[in-house]
Number of protein chains: 2
Amino acid sequence: MEKLDDILFYQLDKAIRTYRQFAQHRIMSAGFELTIDQWLVLQAIVDDPNRNQQEVAEAAFKDFASVTRIIELLVKKGFLNRSIHPDDRRRFLLTPTEKTDRELANIRSITMQNRKTALKGIPEADFDCLHQCLNQIINNCKKS
Amino acid sequence: MEKLDDILFYQLDKAIRTYRQFAQHRIMSAGFELTIDQWLVLQAIVDDPNRNQQEVAEAAFKDFASVTRIIELLVKKGFLNRSIHPDDRRRFLLTPTEKTDRELANIRSITMQNRKTALKGIPEADFDCLHQCLNQIINNCKKS
DNA sequence: CAAATATAATTGATATATCAATTATATTTG
DNA sequence: CAAATATAATTGATATATCAATTATATTTG
C-alpha cells in the first residue's frame with residue numbers, strides 16, 4: 001500500500017491546513033478576533049466595495065452561501081455596515097467601518113511574518129515551479 | 001494591492017479545493033456514497049485495523065473529533081462494524097465489513113484517473129520540487 | 001404591460017474542522 | 001489498595017463548505 005505522504009494531493013492538503021492552523025493561531029494569540037476566512041472576505045470587500053456578494057465569493061474563492069454567513073458575522077462583529085443597495089434592492093451595500101482598516105493593517109503585518117516563516121528555506125527558484133504546478137492543477141480540475 | 005492569486009498560500013488553497021471538488025464530483029457521479037474524507041478515514045482503518053482512533057486521525061490528518069463523527073457515519077452506512085475492544089474497554093474494535101474492500105477498490109480506480117487528470121501537463125521533474133516545497137512548508141508550520 | 005425568466009441573496013440540511021469540556025476506563029503513585 | 005493522573009473517545013458550540021430550495025426583486029419577452 002502506498003503511503004499517504006507520497007500522494008501529492010494528500011501532501012497539498014496537509015500543507016495548506018498546517019499553514020492555516022499555524023497562521024490562525026498566530027492571529028488569535030495576537031488578540032485579533034477574525035478567522036482567516038473572515039479576513040479573506042473582508043479584504044475582498046475592502047479591495048473593492050462595489051463588488052456584489054457573488055463577486056466577493058469569487059475573489060475569495062468561497063461559496064455564495066458561505067459568504068452570506070461570513071458577512072453576517074462580520075456585521076455582527078462590527079467590521080461591516082450593511083444597507084440596501086440604492087440601485088438594486090436585491091443587493092446590499094457593504095461598507096467597512098472605521099475600525100476595519102486598522103484591524104486589517106494590523107493583521108497584515110502578522111500575515112506577512114507568517115508567510116515568511118512558512119516559506120523559510122525554500123529557494124527562490126522553486127517559487128515559479130510551485131506557482132506553475134498549482135495553476136496547472138487548478139486548470140486541469142476546473143469544471144469547464 | 002497584491003492580487004490574491006499571487007499569494008502562494010491562496011493558490012495552494014485554491015488548488016487543493018479545486019481538486020477536491022473535481023474528485024468528489026467524479027466519485028459521486030460514479031454512484032459511490034462516500035465523501036473523500038470518509039474514504040480517507042476508511043482507508044486508514046483498512047490499512048491497519050489495529051489503529052486506535054487517534055492513530056487513524058493522525059494517519060488521515062484529521063481531528064480526533066472529526067474522526068469520531070466520520071466513523072459514526074461509516075458505521076451507519078455499513079462500511080464498519082464497531083464493537084468494544086477486548087483489551088481496552090475505552091477503545092472500539094473497528095472491523096471493515098464485507099462490502100468495504102470492494103467499494104474501496106472501485107473508488108481507487110476512479111481516484112487514480114482523477115490524479116492523472118489533475119496532474120496532466122506537469123513535467124516529471126517538477127514533482128520533486130513540489131514534494132520538497134510542501135514538506136518544507138509543513139515542517140515550518142508544524143507546532144513544535 | 002403582464003407573464004416568464006433571470007439574478008442576488010438567504011435558508012436549511014448535512015459534512016467537516018476546531019476548541020473546550022466531559023465521560024469512562026486504565027495506569028500510576030503514595 | 002485508594003487517590004491521583006493519564007488515556008480513549010465523545011459531545012457541544014461555533015465556523016465553514018456544499019447542494020438544493022426558496023424569497024425578493026429586476027429584466028426580458030410576447
With a non-hydrogen cut-off below 4.0 angstrom, is [X] in contact with a base, only sugar-phosphate, or nothing?
X: A:Thr68; answer: base
X: B:Gln38; answer: sugar-phosphate
X: B:Arg69; answer: base
X: B:Arg20; answer: nothing
X: B:Ser66; answer: base
X: B:Gln53; answer: sugar-phosphate

With both distances under 3.5 angstrom, what nucleotide forms a Watson-Crick or G-U wobble pair with [N]?
N: C:dT23; value: D:dA8
N: D:dA15; value: C:dT16
N: D:dT29; value: C:dA2

How long is the line joining [atom1] of [X] and [atom2] of [N], in whole Å?
X: B:Arg91; N: D:dT10; atom1: CZ; atom2: P; answer: 12 Å
X: A:Asp63; N: C:dT10; atom1: CG; atom2: P; answer: 13 Å
X: B:Ile84; N: C:dA26; atom1: CD1; atom2: P; answer: 10 Å
X: B:Leu74; N: C:dT16; atom1: CG; atom2: P; answer: 8 Å
X: B:Glu72; N: D:dA9; atom1: CD; atom2: P; answer: 14 Å
X: A:Ile16; N: C:dA17; atom1: CD1; atom2: P; answer: 14 Å
X: B:Arg51; N: D:dA9; atom1: CZ; atom2: P; answer: 13 Å
X: B:His25; N: D:dA17; atom1: NE2; atom2: P; answer: 15 Å

| message | Can you confirm whether the side chains of A:Asn52 and A:Arg91 place a donor and an acceptor under 3.5 Å from each other? | response | no
Do [X] and [Y] come close enough that some side-chain heavy atom pair is under 4.5 Å?
X: B:Phe32; Y: B:Asn106; value: yes
X: B:Ile71; Y: B:Val41; value: yes
X: A:Phe22; Y: A:Thr117; value: yes

Minimum-distance nucleotide to [X] side chain [options: [options]]:
X: A:Ala65; options: D:dT18, C:dA8, D:dA17; value: D:dT18
X: B:Phe64; options: D:dT10, C:dA9, C:dT18; value: D:dT10
X: B:Asp88; options: C:dA26, D:dA17, C:dT7; value: C:dA26
X: B:Asp37; options: C:dT16, D:dA9, D:dT18; value: C:dT16

| task | Give a yes or no answer on whether the side chain of B:Thr18 reaches the backbone of A:Cys141 with a donor-acceptor pair at less than 3.5 Å. | result | no
